[in-house]
Structure formats: C-alpha cells, structure tokens
**Student:** 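Below you'll find the structure I mean.
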Amino acid sequence: MNSSEIRQKFLEFFEAHGHTIVASSPLVPGNDPTLLFTNAGMVQFKDVFLGQDKRPYVRAVSSQRCVRAGGKHNDLENVGYTARHHTFFEMLGNFSFGDYFKRNAIQFAWEFLTVTLQIPQEKLWVTVYAEDDEAADIWLNEIGIAPERLTRIATMDNFWQMGDTGPCGPCSEIFYDHGPAVAGGPPGTAEADGDRYIEIWNLVFMQYNRDSAGTLHPLPKPSVDTGMGLERIAAVMQQVHSNYEIDLFQALIKAAARATNTTDLTSNSLKVIADHIRACSFLITDGVIPGNEGRGYVLRRIIRRAIRHGYQLEQKQPFFHLLVEALAQAMGQAYPELVAAKVRVAAVLKQEEERFAETLENGMHVLEAAIQKVTVAGGFGDGFGYGFGTGDGRGDGKGFRPNVLDGNVVFTLYDTFGFPVDLTADIARERGISVDHAGFEQAMQRQRERARAASKFTMQEGMQYSGSSTQFHGYDSLQHEGRVLAIYQQGSRVDFVEAGDEAVVVLDQTPFYAESGGQVGDRGELLAANGTFAVADTQKIQANVFGHKGLLRSGRLVVGDKVLAEVDPAARARTERNHSVTHLMHKALREVLGSHVQQKGSLVDADKTRFDFVHNQPLTDAEIRKVEVLVNAEIIANAATAARVMTIADAQKTGAMMLFGEKYGEEVRVLDIGSSRELCGGTHVRRTGDIGLFKIVAESGVAAGVRRVEAVTGEGALTYIQQQETQLQQVADAVKAQPQEAAARIAQIWKKNCPR
C-alpha cells in the first residue's frame, strides 16, 4: 500500500466515523506567532482546545504537513543518520473537541490498524500512563490486547501538556514490532532504545487543566488529540524498516541520484537531500524565503546542508532545484498548492544554490584545514584566533582540547562564509571531531554586543536617560502641551540650550510620532515662552522615551520649561497617506501574487512609501496595474479606518496579520483599513478616501526572493502623473504628433530609419 493510499484511507475511515476532513494548515502557523513552524497536527486546532475558538464540527481528521528543524523541536542534526528522523513529515491525526474520549479514540485506532490496514494484532504493543487505569482497562478488557503487550509508564513520556499550566493529560502509545531481526526490546524495558519496537501512533487524552500551583482539575469537556506519522506507518505497510525505503522517499532518492550522478542508492547523503527537498519546497510554498534570521535562517540552513551533501557526492553544480518536479509528482495530488508554486520554488532554490556555491568552496577549504590541524597537529594558535588541541589527549594547558573544533573557527565559518553551525558540526562529526559550542556562543555574544553598539542612532550616542517616560497623544491631536524633561547636546545631558544650538529634547507629553514600524519621525516646532525649537526628526531614546532632535531658532530653552508641541500638519498628512496605503498595497499584493507575499521591511515618509516583500520574480506590468486598480478601488470606497487596542491573544482571534520576527507586547494595536487588518502602531488617515490617489512608481529586487515597490499618494501621485504627461507631450512634440499617437509615430520613424 503506497503512501497516498494510506493517507486517503485514513481520511476516509474517520470521515465515515463522523469526522470532518480539515485541510493541512501552512507550515507557518497563522494563529501562533510564538511558534516557529507547524510541528504537529494539533497546532491548527490549538485555540479550539484552549476554548478560544469554536468550529462548526466537534470531530476532525487531517493530514498535516509538519517541520521540526528549529526551536524546541529540532530533528535536523539527526536527519541522514537514523531511520526515522526528518525535517519534514506528515502527521495523520483525528481529534475530538469535547465529543468522544478514551474509549472511542482507542477503538478507532485499533480498528483502523487491524481491520482497515490489516496489521496482525500480535505485532502491536501498547503503553499507557501508569496512573491511567481507565485506558488500561479499555485496552485489556474491551480491545483484548494480551497483558504482556501492555506497559504502564510513569514518566512524562506518557503524559502530555501544552505548557506549565493549561490543558494536559495522559497518553497511550501504539508500537509496531519490526521483528527479532532488529535489535531492541519492548517499550518500558531497558532495551527500549533499540529499533525493533517503533511508536507509530500517540493518543493524547486532554483530561485536566493544570493551575499555577500544579494542581490538576478535571476538564468539563475532555478532548482527544492523536498523531500518527505517515512515513512510519508506510514503512510498516511496505514491510521495510527505514522510512527512507518507502515509496515517497525512494522516488526522491532516485531523483537525487540522477541530479548528482550518483549510483549508490544507499548513500546517506541521498537520504539527506531527499528529506531536505520536501522541507525546503513546502516552506517556500508557504511563503518562507532564505534569510539570516527566524524562519528564513532555518530554511537557509536546510538548503545549505543539502547542497553540502551534494558537494560530498562530488556534484558542485546547482542540482537541488531540479528535484522540485519529482516532489510535485510524488505529493502534488495531496497538496495542489505545491504544484501551483513549483516554478517559484525551483527559482528560489536555484538562486540560493548559486549564491552558496562560492561560499561553500571557500569555506570548505578553511574547514578542511582546521580539521586537519585538530586531528594531526599539536596545540597552537595560528594568528587568526584559532586554537587547536594537542592531538595527544592532554590539551596544552591553555584551554585547547584534542579532537575539538575551536569555537572561534566555527564562528569564523558562520560569520565569514555563511556556514550554519550544524553544517560545520555535521562535517566534523563525520571525521570523529566534536564542536566547541560554548566557544562559538561566546564569539556570537561578542558580535551581538558589537552589532548593538553599531546600530544605535547617532543622536542617541552617549545618552543616558532615567526618568519619566513620554506620553504620546499624536493619534488624536497634532498639538499638545508638554514639559521639558531633559536636553542633550552631542550625547551629553545639559540644563539649557540657546539660539543656534542643536539638541535633542525629551518631553513628558507629545503629539510627535517617534520613528517606528517603518514610519519616519514627525517634524514641527516646540514653542516655549522664551524660545522656538525647530524639530527636524523624532526618535526613541528608549522604548517609551521620545527624543525631539532639532535646532533652537531663537531664545533659550531650559529643562522644566513648558512648551506647546506642534507637529507639521502637511508633512504628517502626507506621511499618513503613504503609511495607510502601504496596508492596502500589502493586501492587494497578496491577492494578485499569492499568499506567500509577506512584508520584509518598509520605509514611509512624506514623499513616498517603500515596501519590501517576499516574491522571487519581477512584477509584470499587468500585475502592477492590477495592484493599482485594487488599491484605488479601496480608496474610492472611502471606508472609515479603525484602530483598537487589545491583547495579543484577542488580536490573533480577529485574524489580524502579524509579522514573524516582530516583538509584540501583551497589548497590541489592530488597524482596520479597507479590507486590510494588521497590527500597526503608526498614524493613519481617518478614511481611505483621504489617500486621494495611489500610483506605483518603481519595482525592483533587493535580495534573493525579496522585491521592492515604491509608490506615491495624494498630491505626490498627481505631481508624478503630471510629470509623466509633460514628458509624453515633449516626446510627441519632437515627433510632431498628438500624445496618443506618439508611440505609433516613433515606431514609424524607427522602421524607416533603422531597418533590420
């Protein structure tokens, strides 16, 4: 029975038992910004189990694509070295939301395995939590499993919890016996770590709520969350021991062998490549692109690990992207979104391969030299901060250790050559060498400190502020009275400034918006009884302390003075138009290009909006026009905007778009503008019609898989269009034609004077 048949039989079995088939959610969780990837089938139902969401069904079944390659659940380093570790896998799961409980869950599992899949009962072993007499009784007296094949386990391996508090409960696991030819003992025995008895299904019974004191309280509506790895059950059904021997992987391994010109189909490197093409392709399909942080960095690590294994197979030309087609053929029927995105996926992978090729070549020379010194040479320093062991098992008394790759080497490979740490560790492990992770972390910490120091705004250098925070009133008013809390000149705190002095002024209350979220800081004036301070920019000295940077035009300004703070209304209005339209443009880009579009940066000022987003090819003229049409339609609708402050949990329930990597507090500001709903702390127009007009003026690429659009609004858009019309008129005059006939006239002149 192939993998597709197993997946389909599972869904159909539970559908016949009253479950609603729910499509796999994306690998980027839509309802949990704290989770790196969807790593289990229950993730998309998390809010349902917590009672924060209600679905039109109480029974669900799904085949959920999952990734475990970052954060708490990280299997990356084991991939290629074991029979069952993967970065990407499919989780078959059935769920009950306060409907059925232990009896039905156990009966469903047993019937599917022994009747639908016809697995011999004697091949199945079961564990229950030691204190769960109810589950044990069902297995022994209702299912009739032999007592010697049921084990009570008292550890937390058989007790599931979502966190330190909240829903939790006992588990019951089902194991398959691969036979005496494989080493290992039954679950719960001293030999359980062997590979003979493999867990294939876990039934979680959400039975309690754990309070802050650790006390368990019975839930009024107990629920069920189950998970069975498709790859593991496919290995059982296809009578093979390793997941890499099942049909899904064999097709990809053969494709990888063709792409790398490899004849040995048992190569571990082929297994790694076959696993990684699944994770990488589905991550890109779901909007993740290679980068240097967050999900993008994890994706880049996986890609580079696959490329390195191709390099190990002596394939130094781009090959990884060629496997996307084979993957689409193997899994496209179950996941049509992969087929729709395969051209884009292959393009992103090829671009990343080409970028890493030179890096890999140079980095490998450095790494090989370092490994050679660790395994052969005595302990010494080489002038570049590299330290190596003595090779005799004793070290050299200076902290050097034998057969350990120094942390500074690992950091140099990471920082200079883009080698992920696990890639270096992977290569070192193959040579019997360990990695100095502590030394690497120390080097990383030093770099972070340098980066933090270098990234401070020039205006903030040397500013040490302690005192009251600034209260912002700029959402509702462009004028507000305030009192001067502090004044800085060249980073030093002073008591006063006089006419002609440049300074940074901190107020207790202000209508000035401090640069944040891509929106530039306000400019305007601070009017005091004895002077006028022209504000050229507003920045944050601390999270809630606003610095007004500018020039004292006249008089004298003293700490403690009262001022009338006035924002430049024209500049603010233009900036608000450009910021507001960014939200509408983001929504339109997702509609036109696809849901993979995600914001990667923005800069909004009085002149324009600049928006960077995930997309791996230039926008066509038709796509640009369509975005313009959608945005201007929102403007014409003249809908009122609304901003609400709520908890992050409530914001998630509203469906507001959140950007991974952003640091959100307990309370967030949710902006509704037109059909867009996003988290945003910036200032905005009151109605979409206030934007006036929207026009895209430039589109370009800024990084691998990242495009940039620049646009103008209001009078800026009108000025741009008038300039275009003036240029067209000048061209028309030059060729003695009307503007609408200029293009045809130029083509005529070109044909006459420049024949081919």
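Keep in mind that the numbers below use all heavy atoms, side chains included, and drop hydrogens, waters and symmetry copies. None of the values given here were measured: they were computed from a predicted structure.
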**Student:** Can you give me the closest heavy-atom contact between Thr260 and Leu270, atom names plus distance?
**Tutor:** OG1-CD2, 3.8 Å
**Student:** Please determine which of Gln598, Arg295, His596, Arg65 meets the side-chain hydrogen bond (donor to acceptor under 3.5 Å, both in side chains) test together with Asp286.
**Tutor:** Arg65
**Student:** As an exercise, state the distance from CG of Leu322 to CG of Leu349, rounded to the nearest 0.5 Å.
**Tutor:** 10.0 Å
**Student:** Can you pull the ring pair (Phe, Tyr, Trp, His ring centres under 6.0 Å) pairs that have at least one residue in residues 280-305, sequence neighbours excluded?
**Tutor:** Phe88-Phe282, Phe282-Tyr335
**Student:** Could you please spell out the steps behind the side-chain contact (heavy atoms from CB on, under 4.5 Å) verdict for Asp177 and Ile198?
**Tutor:** CA-CA 7 Å; Asp177 178 5; Ile198 299 300; over 6 Å; no
**Student:** Between Thr262 and Asp264, do the side chains contain a donor N or O and an acceptor N or O under 3.5 Å apart?
**Tutor:** no
**Student:** First locate atom CD of Gln329, then atom NZ of Lys342, and finally report the distance between them rounded to the nearest 0.5 Å.
**Tutor:** 7.0 Å
**Student:** To the nearest 0.5 Å, what is the distance between CD1 on Ile273 and CD on Gln315?
**Tutor:** 9.0 Å
**Student:** Quick one: list whatever passes side chain to side chain contact (heavy atoms under 4.5 Å, CB included) with Ser25, sequence neighbours left out.
**Tutor:** Thr38, Gln44, Gln64
**Student:** Classify the side-chain pair Asp612/Gln599 by whether it contains a donor and acceptor separated by less than 3.5 Å.
**Tutor:** no
**Student:** Please say whether the positively charged group of Lys271, taken as NZ for Lys or CZ for Arg, lies over the ring of Phe249, i.e. under 6.0 angstrom from the six-membered ring centre and within 45 degrees of the axis.
**Tutor:** no
**Student:** In terms of side-chain heavy atoms, does Ser63 have a donor or acceptor partner in Glu90 at a distance below 3.5 Å?
**Tutor:** yes
**Student:** Looking at residues at least two apart in the chain, or sitting in another chain, which of them share a side-chain hydrogen bond (donor to acceptor under 3.5 Å, both in side chains) with Ser267?
**Tutor:** none
**Student:** Between CZ of Arg429 and OG1 of Thr424, what distance do you get to the nearest 0.5 Å?
**Tutor:** 12.5 Å
**Student:** Can you list the steps and then say if Asp195 with His178 is a side-chain hydrogen bond (donor to acceptor under 3.5 Å, both in side chains)?
**Tutor:** CA-CA 8 Å; Asp195 268 358; His178 277 276; over 6 Å; no
**Student:** Using the salt bridge (Lys or Arg N to Asp or Glu O under 4.0 Å) rule, take Glu368 and Arg431 through it: C-alpha gap first, then chi angles, then the decisive distance, then the call.
**Tutor:** CA-CA 10 Å; Glu368 291 286 358; Arg431 315 295 177 84; 2.7 Å; yes
**Student:** What's the separation between atom CZ in Arg304 and atom SG in Cys280, rounded to the nearest 0.5 Å?
**Tutor:** 12.0 Å
